[in-house]
Amino acid sequence: MNLSRQESMDSFLAHCRAAGMRVTPQRLEVFRELAQTDEHPDAETVFRGVRRRMPTVSLDTVYRTLWRLEEQGLISRVQVLSERARFDGNAIPHPHFVCTRCGLVRDVEYAAFNEVEVPARMGGVGTVEALHVELRGICTNCRQASGARARRDSVS
Ligand SMILES: [Zn+2]
Ligand SMILES: [Zn+2]
(Lines give C-alpha, C1' and ligand atoms only; values in the text may rest on other atoms or scores of the structure.)
(Ligands and ions follow the chains in the order given, each with its own letter.)
Protein backbone atom coordinates (compact mmCIF):
# COMPACT_ATOMS: atom_id res chain seq x y z
CA MET A 1 0.00 0.00 0.00
CA ASN A 2 1.35 3.37 -0.91
CA LEU A 3 -1.41 5.23 0.88
CA SER A 4 -1.34 5.70 4.62
CA ARG A 5 -3.94 3.71 6.55
CA GLN A 6 -5.99 6.76 7.40
CA GLU A 7 -5.93 7.95 3.79
CA SER A 8 -7.06 4.60 2.51
CA MET A 9 -9.90 4.38 5.07
CA ASP A 10 -11.01 7.89 4.07
CA SER A 11 -10.99 7.09 0.37
CA PHE A 12 -12.83 3.83 1.08
CA LEU A 13 -15.63 5.70 2.83
CA ALA A 14 -15.75 8.36 0.11
CA HIS A 15 -15.89 5.70 -2.59
CA CYS A 16 -18.70 3.81 -0.83
CA ARG A 17 -20.71 7.00 -0.57
CA ALA A 18 -20.10 7.85 -4.24
CA ALA A 19 -21.12 4.32 -5.31
CA GLY A 20 -24.22 4.46 -3.11
CA MET A 21 -22.94 1.42 -1.24
CA ARG A 22 -23.83 1.08 2.38
CA VAL A 23 -20.86 0.97 4.76
CA THR A 24 -21.72 -2.08 6.85
CA PRO A 25 -19.50 -3.10 9.76
CA GLN A 26 -18.50 -6.23 7.78
CA ARG A 27 -17.38 -4.21 4.76
CA LEU A 28 -15.49 -1.80 6.93
CA GLU A 29 -13.69 -4.56 8.83
CA VAL A 30 -12.85 -6.56 5.71
CA PHE A 31 -11.41 -3.47 4.08
CA ARG A 32 -9.55 -2.48 7.24
CA GLU A 33 -7.98 -5.92 7.38
CA LEU A 34 -6.66 -5.55 3.84
CA ALA A 35 -5.57 -1.94 4.22
CA GLN A 36 -3.37 -2.72 7.20
CA THR A 37 -1.22 -5.39 5.60
CA ASP A 38 1.12 -5.67 2.65
CA GLU A 39 0.82 -9.46 2.62
CA HIS A 40 -1.98 -9.69 0.04
CA PRO A 41 -3.86 -12.27 2.11
CA ASP A 42 -6.28 -14.90 0.83
CA ALA A 43 -9.93 -14.95 1.96
CA GLU A 44 -9.31 -17.33 4.87
CA THR A 45 -6.56 -15.13 6.28
CA VAL A 46 -8.80 -12.07 6.00
CA PHE A 47 -11.53 -14.05 7.76
CA ARG A 48 -9.25 -14.99 10.67
CA GLY A 49 -8.26 -11.33 11.12
CA VAL A 50 -11.81 -9.99 10.93
CA ARG A 51 -13.08 -12.67 13.32
CA ARG A 52 -10.82 -11.31 16.06
CA ARG A 53 -12.86 -8.10 16.06
CA MET A 54 -16.20 -9.59 14.91
CA PRO A 55 -16.51 -13.07 16.42
CA THR A 56 -19.88 -13.70 14.71
CA VAL A 57 -18.68 -13.12 11.15
CA SER A 58 -18.75 -16.14 8.82
CA LEU A 59 -16.25 -17.15 6.16
CA ASP A 60 -19.04 -16.98 3.63
CA THR A 61 -19.75 -13.35 4.50
CA VAL A 62 -16.08 -12.50 4.17
CA TYR A 63 -15.99 -14.15 0.73
CA ARG A 64 -19.07 -12.30 -0.45
CA THR A 65 -17.75 -9.02 0.94
CA LEU A 66 -14.42 -9.46 -0.83
CA TRP A 67 -16.10 -10.12 -4.19
CA ARG A 68 -18.41 -7.17 -3.68
CA LEU A 69 -15.56 -4.80 -2.82
CA GLU A 70 -13.62 -6.02 -5.82
CA GLU A 71 -16.63 -5.54 -8.08
CA GLN A 72 -16.85 -1.97 -6.83
CA GLY A 73 -13.19 -1.36 -7.55
CA LEU A 74 -12.40 -0.78 -3.88
CA ILE A 75 -9.87 -3.57 -3.63
CA SER A 76 -8.14 -5.71 -6.21
CA ARG A 77 -7.46 -9.37 -6.68
CA VAL A 78 -3.98 -10.65 -7.30
CA GLN A 79 -3.61 -13.45 -9.81
CA VAL A 80 -1.02 -15.70 -8.27
CA LEU A 81 -0.05 -18.71 -10.36
CA SER A 82 -2.95 -21.14 -9.98
CA GLU A 83 -3.36 -20.62 -6.26
CA ARG A 84 -6.33 -19.37 -4.27
CA ALA A 85 -7.29 -15.75 -4.94
CA ARG A 86 -5.38 -13.19 -2.92
CA PHE A 87 -6.67 -9.73 -2.17
CA ASP A 88 -5.14 -6.29 -2.10
CA GLY A 89 -6.43 -3.21 -0.28
CA ASN A 90 -4.94 -1.10 -3.06
CA ALA A 91 -7.23 -1.05 -6.10
CA ILE A 92 -4.85 1.03 -8.20
CA PRO A 93 -2.84 -1.29 -10.49
CA HIS A 94 0.73 -1.71 -9.30
CA PRO A 95 3.49 -4.27 -9.84
CA HIS A 96 3.84 -7.33 -7.63
CA PHE A 97 6.69 -9.63 -6.80
CA VAL A 98 5.55 -13.24 -6.41
CA CYS A 99 7.70 -15.97 -4.88
CA THR A 100 7.19 -19.12 -6.95
CA ARG A 101 8.20 -21.28 -3.97
CA CYS A 102 6.14 -20.04 -1.01
CA GLY A 103 3.59 -17.78 -2.74
CA LEU A 104 4.67 -14.59 -0.99
CA VAL A 105 3.26 -11.49 -2.71
CA ARG A 106 4.70 -8.01 -2.18
CA ASP A 107 4.33 -4.66 -3.88
CA VAL A 108 7.40 -3.45 -5.71
CA GLU A 109 8.36 0.09 -6.53
CA TYR A 110 8.88 0.13 -10.26
CA ALA A 111 8.57 3.54 -11.88
CA ALA A 112 8.81 2.15 -15.42
CA PHE A 113 5.48 0.38 -14.82
CA ASN A 114 3.69 3.70 -15.25
CA GLU A 115 5.17 4.02 -18.75
CA VAL A 116 3.94 0.64 -19.94
CA GLU A 117 1.21 1.06 -22.51
CA VAL A 118 -1.48 -1.32 -23.62
CA PRO A 119 -1.10 -2.00 -27.37
CA ALA A 120 -3.53 0.08 -29.41
CA ARG A 121 -4.30 -2.89 -31.60
CA MET A 122 -4.72 -6.36 -30.19
CA GLY A 123 -5.02 -8.12 -33.54
CA GLY A 124 -8.51 -9.41 -32.77
CA VAL A 125 -7.41 -11.28 -29.65
CA GLY A 126 -9.73 -9.29 -27.39
CA THR A 127 -10.22 -6.08 -25.50
CA VAL A 128 -7.84 -5.11 -22.73
CA GLU A 129 -9.44 -4.17 -19.43
CA ALA A 130 -6.47 -4.12 -17.11
CA LEU A 131 -2.72 -4.39 -17.15
CA HIS A 132 -0.85 -6.27 -14.44
CA VAL A 133 2.87 -6.45 -14.01
CA GLU A 134 4.07 -9.46 -12.07
CA LEU A 135 7.67 -10.24 -11.30
CA ARG A 136 8.30 -13.85 -10.36
CA GLY A 137 11.23 -15.19 -8.46
CA ILE A 138 12.43 -16.63 -5.16
CA CYS A 139 11.98 -14.48 -2.06
CA THR A 140 14.81 -13.75 0.34
CA ASN A 141 13.47 -16.17 2.97
CA CYS A 142 13.22 -19.07 0.54
CA ARG A 143 16.62 -18.21 -0.90
CA GLN A 144 18.17 -18.25 2.59
CA ALA A 145 16.35 -21.46 3.55
CA SER A 146 17.65 -23.29 0.49
CA GLY A 147 21.14 -21.89 1.15
CA ALA A 148 21.01 -23.24 4.73
CA ARG A 149 19.82 -26.64 3.50
CA ALA A 150 22.63 -26.80 0.96
CA ARG A 151 25.19 -26.03 3.67
CA ARG A 152 23.76 -28.71 5.96
CA ASP A 153 23.83 -31.24 3.13
CA SER A 154 27.45 -30.51 2.32
CA VAL A 155 28.43 -31.03 5.99
CA SER A 156 26.79 -34.44 6.37
ZN1 LIG B 1 9.36 -17.58 -0.82
ZN1 LIG C 1 -0.31 -5.05 -4.07
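- Using a 4.5 Å heavy-atom cutoff, the side chains of C16 and L74 are in contact.
- Rounded to the nearest 0.5 Å, atoms SG (C99) and CZ (R106) are 10.5 Å apart.
- Sorted by first then second residue, the side-chain hydrogen bond (donor to acceptor under 3.5 Å, both in side chains) pairs that include residues 117-127, not counting sequence neighbours, number zero.
- Not one N or O on the side chain of T37 forms a donor-acceptor pair closer than 3.5 Å with the backbone of L34.
- H40 contributes atom NE2, which lies 13.0 Å from atom OG1 of T45 (distance to the nearest 0.5 angstrom).
- Evaluation of the salt bridge (charged side-chain N to carboxylate O under 4.0 Å, His left out) test over residues 48-58, restricted to residues two or more places apart or in two chains, returns E29-R53, E33-R53.
- Cluster annotation: V116 is not connected to V125 through the hydrophobic network of ILVMFWY side chains, with a link wherever side-chain heavy atoms come within less than 4.5 Å.
- Counting only distance, with no hydrogens or angles, the side chain of R77 and the backbone of A85 share no donor-acceptor pair below 3.5 Å.
- To the nearest 0.5 angstrom, L66 atom CG is 5.0 Å from I75 atom CD1.
- A donor-acceptor pair under 3.5 Å is absent between the side-chain atoms of R101 and the main chain of I138, judged by distance alone.
- Residues F47 and S58 come closest through the heavy atom pair CE1-C, 3.5 Å.
- Note: F97 CZ to R136 CZ = 11.0 Å, rounded to the nearest 0.5 Å.
- Annotation: Y110, atom OH; neighbour count of heavy atoms from other residues, nucleotides and ligands within 6.0 Å does not exceed 12.
- The CG atom of N114 sits 12.0 Å away from atom NE2 of H94, with the distance rounded to the nearest 0.5 Å.
- In this structure, R86 and G103 approach most closely via the heavy-atom pair NH1-O, 2.9 Å.
- The backbone N or O of A130 lies less than 3.5 Å from no partner atom in the side chain of H132, so there is not a single donor-acceptor pair.
- Put simply, the residue from T61, T65, V30 that forms a side-chain contact (heavy atoms from CB on, under 4.5 Å) with V50 is V30.
- Under the 4.5 Å side-chain heavy-atom criterion for ILVMFWY residues, a single connected hydrophobic cluster contains both L135 and L104.
- The aromatic rings of F12 and F31 sit parallel to each other, their planes meeting at less than 30°, with 60° as the upper class boundary.
- No side-chain donor-acceptor contact under 3.5 Å links R27 to the backbone of M21.
- Judged purely by atom type and a 3.5 angstrom limit, H15 has no side-chain atom pairing as donor or acceptor with the backbone of G73.
- Of the inter-residue distances, the one linking L59 atom CG with R64 atom CZ reads 10.5 Å to the nearest 0.5 angstrom.
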Legend entry - H96 and V108: CA distance, side-chain angles, deciding distance, side-chain contact (heavy atoms from CB on, under 4.5 Å) verdict: CA-CA 6 Å; H96 287 127; V108 281; 5.8 Å; no
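- Between Y63 and W67, the ring-plane angle classifies as parallel under the 30° and 60° cut-offs.
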